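Report on the structure given below.
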Amino acid sequence: MTTFQMTVSPDFPPNRIAGWYIFNTWLQKATGLNIHLELYTDFEGQRQAVEEDRVDIIYANPYDAAMLIREKGFEALARPKGKVDEAVVVTRADAPYNAVDDLKPGLRLAATNDPAVYLLGMMMLEPAELDAENLQIQQVESYPIAAKLLLQGEADLAFFLKEAFDKLSSLTREQLKVLVESQIGDLFHTFLVGPRLAEHKETLREALLHMHETPKGKDALESLGFEGWENVSPAEADFMINLIEALK
Amino acid sequence: MEDMRPEDIVGEYREYTLTYYDGTSRKVLVTDIETPYPDGKLIVSTTDTEGVITHANQAFVDMSGYTREELIGQPHYILRHPDMPKAAFRDMWETIQAGKTWRGYVKNLRKDGGYYLVYATVMPNFDKQGNIVGYTSVRRKPSRRKMEEALALYAKMLAEEKAQEGRA
């Protein structure tokens, strides 16, 4: 029996690792498919796996979803109900800036390698004519590290996935301030399947859309912090891809 | 398209008649009141191949002052401001009809006669056979300095267009 490979965008919070394994166990039972879950700690590792066609199922951020659909023939089946991806640009609470227009070239920016958050963050700095050329960009491994650099005065600005920023401790958040927050509402993580799973895609979609209806499905959703899944049509996916393309 | 109505306008206004590429014209009423572009938002719309609006997000509704029902089904030039030269839009149409992405600074007209300033990206949407089936336009907050440079250029272009029309 074929074993399909599943992975998850490396921007998931570390406390959800177990949740993804629970999800995979549930998904295999619900669909009768053999699925191996491989979690990558960074985007590079995951990108290489995609390049080498070692990924069949992926829970991807909007940027990677756009690439997977356009270049690798993936199809978006579902998205977590009610969840959208937004980004925030953050500085220290006592920093001398209160708006994007106060920012000047030369500032030190801490950013993770999450491509969707980076794109949104840069879009929000554009009105102040800031870009990769005139900022000192420090790539960091995680959002808590970005927060630490801000608090230690080693970075002036940082980009966060809004959800990740909201999950920082209240003590940390009190020492930081949000300069600007994206309010797009049309970008979201999606559950995608690759061409090798074409004949099983409706089985997978149905399983996801009804997941919240059984106690075991509900438990697995809770371990991911999701309420349920909702359908993504090809038109919705296209719309999201166009947004990402426009922001590049 | 219907003329703009004085009862929709906020503040003192000037009157212009705009003639669009399809030969239709419309009376527009214009004030000098700017609605500042909100941080972090994107205005998104889609049109069919003729430029008729098929989708408008909430930011588009909020910034244009029209309801979604008033926007859907109208040509995108419902937002055309008389300070914008025709050549800017000609360049945009030539670019997107050739299957490429157009980016530029645009002054848009609101329903209440005021205006808002954007940095726009307009791109064609393709079907699986590679045919253009419509366009997506995404507008974001522009840099103030680059916007002012663009407006100065547009003022020159507009003056030239008017001089040419006068000679014709």
Side-chain angles (χ1 to χ4, degrees), chain A residues 62 66 69-70 73 75 84-90 97-105 116-117 119-131 133-134 159-160 162 165 177-187 233-248, chain B residues 36-48 53-63 68 92 95-96 99-106 116-128 130-150:
Chain A
I69 294 170
R70 284 274 154 94
E75 188 175 333
V84 288
D85 288 1
E86 303 289 359
V88 288
V89 180
V90 175
Y97 342 100
N98 291 307
V100 170
D101 286 339
D102 299 337
L103 302 174
K104 297 279 177 272
V117 171
L119 211 57
L120 288 178
M122 281 300 181
M123 181 271 287
M124 292 191 280
L125 295 184
E126 227 176 48
E129 294 186 43
L130 298 178
D131 54 34
E133 304 289 308
N134 60 17
F159 294 160
F160 290 83
K162 186 172 183 304
F165 181 74
K177 73 179 161 193
V178 173
L179 283 186
V180 56
E181 176 179 331
S182 71
Q183 297 171 64
I184 295 165
D186 288 310
L187 297 178
S233 68
E236 283 171 300
D238 271 350
F239 187 72
M240 187 164 81
I241 293 170
N242 285 334
L243 273 189
I244 292 286
E245 289 295 324
L247 292 176
K248 276 184 184 170
Chain B
Y37 197 101
D39 281 318
K41 290 206 179 184
L42 291 179
I43 295 175
V44 188
S45 56
T46 56
T47 72
D48 64 15
I53 300 169
T54 50
H55 170 92
N57 75 347
Q58 190 56 42
F60 190 13
V61 170
D62 295 342
M63 287 302 283
R68 185 168 283 114
M92 180 196 79
T95 305
I96 61 177
K100 295 177 190 156
T101 298
W102 182 88
R103 293 174 198 271
Y105 294 89
V106 181
Y116 60 98
L117 303 170
V118 300
Y119 178 58
T121 303
V122 189
M123 54 174 61
N125 305 328
F126 301 95
D127 64 12
K128 281 186 178 160
N131 304 306
I132 296 175
V133 290
Y135 302 100
T136 299
S137 171
V138 179
R139 281 86 82 196
R140 55 221 227 211
K141 187 176 179 178
S143 123
R144 180 56 67 172
R145 185 183 63 84
K146 287 185 183 167
M147 190 77 228
E148 278 166 10
E149 281 176 11

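FYI, side chains are in, hydrogens and waters are out, and symmetry mates aren't considered; it's all heavy atoms of this structure. Below, chain A is the first sequence line, B the second, and so on; all start at residue 1. Bear in mind the structure is a predicted one, so any value in this text is a computation, not a measurement.
By number of non-hydrogen pairs under 4.5 angstrom with chain B, the leading residue of Met124(A), Glu86(A), Met123(A) is Met123(A). Contact count versus chain A (heavy atoms, under 4.5 Å) is highest, among Arg144(B), Lys146(B), Gln58(B), for Lys146(B). Among Met147(B), Arg145(B), His55(B), the residue making the largest number of heavy-atom pairs under 4.5 Å with chain A is Arg145(B). Listed options Val138(B), Leu42(B), Asp39(B) were ranked by heavy-atom pairs under 4.5 angstrom with chain A; first place goes to Leu42(B).
Contacts of Arg140(B) with chain A are made by side-chain atoms alone, with heavy-atom separations under 4.5 Å and no backbone atom involved. Contacts between Leu179(A) and chain B at a heavy-atom distance below 4.5 Å are absent for every atom of the residue. Heavy atoms of Tyr37(B) lying under 4.5 Å from chain A are absent altogether. Of the two parts of Ala128(A), neither the backbone nor the side chain holds a non-hydrogen atom closer than 4.5 Å to a non-hydrogen atom of chain B. Residue contact with chain A, scored on non-hydrogen atoms closer than 4.5 Å, involves the side chain of Thr46(B) exclusively. Both the backbone and the side chain of Glu126(A) come within contact range of chain B, judged by heavy atoms closer than 4.5 Å. With a threshold of 4.5 angstrom between heavy atoms, Asp101(A) approaches chain B through side-chain atoms but not through N, CA, C or O.
Within the 4.5 Å cutoff, side-chain heavy atoms of Val89(A) are placed close to those of Phe159(A). With a 4.5 Å cut-off on side-chain heavy atoms, Leu130(A) and Pro105(A) count as touching.
Judged by the 6.0 Å and 45° rule, Arg68(B) forms no cation-pi pair with Phe60(B).
Within the structure, side-chain hydrogen bond (donor to acceptor under 3.5 Å, both in side chains) pairs that include any residue of residues 239-248 of chain A comprise Asn242(A)-Asn125(B), Asn242(A)-Thr136(B), Glu245(A)-Lys248(A) (at least two apart or interchain).
Legend: residues meeting side-chain hydrogen bond (donor to acceptor under 3.5 Å, both in side chains) with Lys104(A), ordered by chain and number and at least two apart, are absent.
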Check the pair Asn131(B) / Asp127(B) against side chain to side chain donor-acceptor pair (under 3.5 Å), numbers first and verdict last. CA-CA 5 Å; Asn131(B) 304 306; Asp127(B) 64 12; 3.1 Å; yes

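Not one N or O on the side chain of Arg103(B) forms a donor-acceptor pair closer than 3.5 Å with the backbone of Tyr119(B). Between the side chain of Thr95(B) and the backbone N or O of Lys100(B) there is no donor-acceptor pair closer than 3.5 Å.
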